[in-house]
Amino acid sequence: MTQDRPMLGILLMIGFCAIAPLGDATAKILGDAIPLVQLLAVRFAVQAVILLPIIFATGISLKMSPYVLRMTFLRTALHIIGIGAMFTSLRYLPLADAVAIAFVMPFIMLVLGATILGEEVGPRRIAACAVGFIGTLLVVQPSFAEVGWPAFLPIVVAFTFAFYMLVSRQIAKACDPLALQTVSGFIGTPVLVLILALTWGRTDSFFGIVTPNATETWLLLGIGVLGTCGHLLMTWSLRFAPSATVAPVQYLEIPFATLIGWLIFVDLPNGLAAIGIAITMAAGLYILFRERSLAQPRPSEA
């Protein structure tokens, strides 16, 4: 199916916004116990293991054209870099702050979608993203002064995932999302295992292998499950809607992250940050209702 369905794409992206912070929170819990590369390797391995039986059961083909396969390699590399930078930032930053700083990404993606893909970006979308960006600035203002250079890591996440989503949009209609995520799992896992092999003997927060206890094992598996489900929703959303449409909706991830951060880590943003969160959520909701209005047929088209 190749026809755009903006409302379905938006709803799928909202699902991603709810699931992604749960995976980030799990990674934050494990941050001091499990080296980063080991965590990433398990994350991608679980993705492959979960999806391969589904592929066999549904009969979905994993065959890709050379172009789509090359783009999938690029997409997987961006995925690894983006997740790695996010998981590292969570060792230093509260969950809501890390997610909020990364939310320069939809603004970046809006610009890239217009300049690289030639997607239509109207003045109301630009205004909504600009308002959301201002809200993001209100949220992130204390972070740079408090933690120093790690506060820049979510900005790396923003640029990486902006390109990740544009690549996903380029190939989403040429490849089934389940097949795309399965192949990404089988690309990412051996790459990360190779890195572990090349750094064998090191024991620091990035490299090395540790034996997790029972609780940590379940949390590691949870990261894989949540990551797989979340990025499937993201991929499906980009199959049904242009990146410029779903970009502002991703601002809803900030209030989800704030709620999860409060429930798990008892972290709450300060008053100014709370205002910023409200502004970014309002910008995302505006786009949601705007797209639903545009999706309804006009009297002359009925």
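Atom set for the values below is all heavy atoms of this structure, side chains included, hydrogens, waters and symmetry mates excluded.
- Looking at heavy atoms from C-beta onward, Phe87 lies in side-chain contact with Ile223 at the 4.5 angstrom threshold.
- For Thr189, the side chain to side chain contact (heavy atoms under 4.5 Å, CB included) test picks out Phe44, Ala45, Val193, with sequence neighbours left out.
- Evaluation of the side chain to side chain donor-acceptor pair (under 3.5 Å) test over residues 47-57, restricted to residues two or more places apart or in two chains, returns Arg43-Gln47.
- Listed here is the closest heavy atom pair of Ile187 and Val191: O-CG2, 3.3 Å.
- Rounding to the nearest 0.5 Å gives a distance of 7.0 Å between CZ of Phe56 and CG of Leu62.
- A ring-ring contact (aromatic ring centres under 6.0 Å, His included) check over residues 190-220, counting only residues at least two apart or in different chains, returns nothing.
- Every residue meeting the salt bridge (Lys or Arg N to Asp or Glu O under 4.0 Å) condition with Arg202, not counting sequence neighbours, appears here in chain and number order: Asp204.
- Nearest approach of Ala98 to Pro154, heavy atoms of both residues: O-CB, 3.4 Å.
- From Thr228, atom OG1 reaches atom CG of Leu233 across 11.0 Å, with rounding to the nearest 0.5 Å.
- One distance of note links CG of Leu69 with CG of Leu180; it measures 10.5 Å at 0.5 Å rounding.
- Under the 4.5 Å side-chain heavy-atom criterion for ILVMFWY residues, no single connected hydrophobic cluster contains both Val156 and Phe163.
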(message) Checking Ile260 against Leu95 for the side-chain contact (heavy atoms from CB on, under 4.5 Å) test, could you report, in this order, the C-alpha distance in whole Å, the side-chain angles of both residues, the deciding distance, and whether it holds?
(response) CA-CA 8 Å; Ile260 293 168; Leu95 178 61; 3.9 Å; yes

Considering only distance and modelled atom types, tabulate donor-acceptor pairs under 3.5 Å from the side chains of residues 17-36, sequence neighbours left out.
{"residue": "Thr26", "atom": "OG1", "partner": "Leu22", "partner atom": "O", "Å": "2.9"}
{"residue": "Lys28", "atom": "NZ", "partner": "Leu90", "partner atom": "O", "Å": "2.8"}
{"residue": "Lys28", "atom": "NZ", "partner": "Leu93", "partner atom": "O", "Å": "2.9"}

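- Judged as a side chain to side chain donor-acceptor pair (under 3.5 Å), and not counting sequence neighbours, the contacts of Ser168 are Arg75.
- Applying the side chain to side chain contact (heavy atoms under 4.5 Å, CB included) rule to Val46 yields the partners Val42, Ile50, Leu221, Val225; only residues at least two apart in sequence or on another chain are considered.
- With sequence neighbours left out, Tyr67 forms a side chain to side chain contact (heavy atoms under 4.5 Å, CB included) with Ser65, Arg70, Met71, Gln170, Ile171.
- A continuous path of ILVMFWY side-chain contacts below 4.5 Å connects Leu51 to Phe73, so both sit in one hydrophobic cluster.
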Using distance only, find each side-chain donor-acceptor pair of residues 76-85 under 3.5 Å and give its atom names and separation, not counting sequence neighbours.
{"residue": "Thr76", "atom": "OG1", "partner": "Thr72", "partner atom": "O", "Å": "2.8"}
{"residue": "Thr76", "atom": "OG1", "partner": "Ser184", "partner atom": "OG", "Å": "3.3"}
{"residue": "His79", "atom": "NE2", "partner": "His231", "partner atom": "NE2", "Å": "3.3"}

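- Taking 4.5 Å as the limit, every side-chain heavy atom of Phe186 sits out of range of all side-chain heavy atoms of Val183.
- Connection of Leu178 to Phe240 is established within a shared hydrophobic cluster, with ILVMFWY side chains joined at heavy-atom distances below 4.5 Å, either directly or through further cluster members.
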(request) For the pair Met7 and Ile10, evaluate side-chain contact (heavy atoms from CB on, under 4.5 Å) and give the outcome as yes or no after the intermediate values. (result) CA-CA 5 Å; Met7 281 307 302; Ile10 287 171; 4.3 Å; yes

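- Clustering of Ile, Leu, Val, Met, Phe, Trp and Tyr by side-chain heavy atoms under 4.5 Å joins Val49 with none of the others.
- A search for side chain to side chain donor-acceptor pair (under 3.5 Å) contacts involving Ser205 returns Arg91, not counting sequence neighbours.
- The shortest side-chain heavy-atom distance between Met234 and Tyr164 falls under the 4.5 Å cut-off.
- Looking at every heavy atom in both residues, Gly185 comes nearest to Pro190 through O-CD, 4.4 Å.
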Taking only distance into account, with no hydrogens and no angle test, what donor-acceptor pairs under 3.5 Å do side-chain atoms of residues 208-216 form with protein atoms, sequence neighbours excluded?
{"residue": "Asn213", "atom": "OD1", "partner": "Thr215", "partner atom": "N", "Å": "3.1"}
{"residue": "Asn213", "atom": "OD1", "partner": "Glu216", "partner atom": "N", "Å": "2.7"}
{"residue": "Glu216", "atom": "OE1", "partner": "Asn213", "partner atom": "N", "Å": "3.0"}

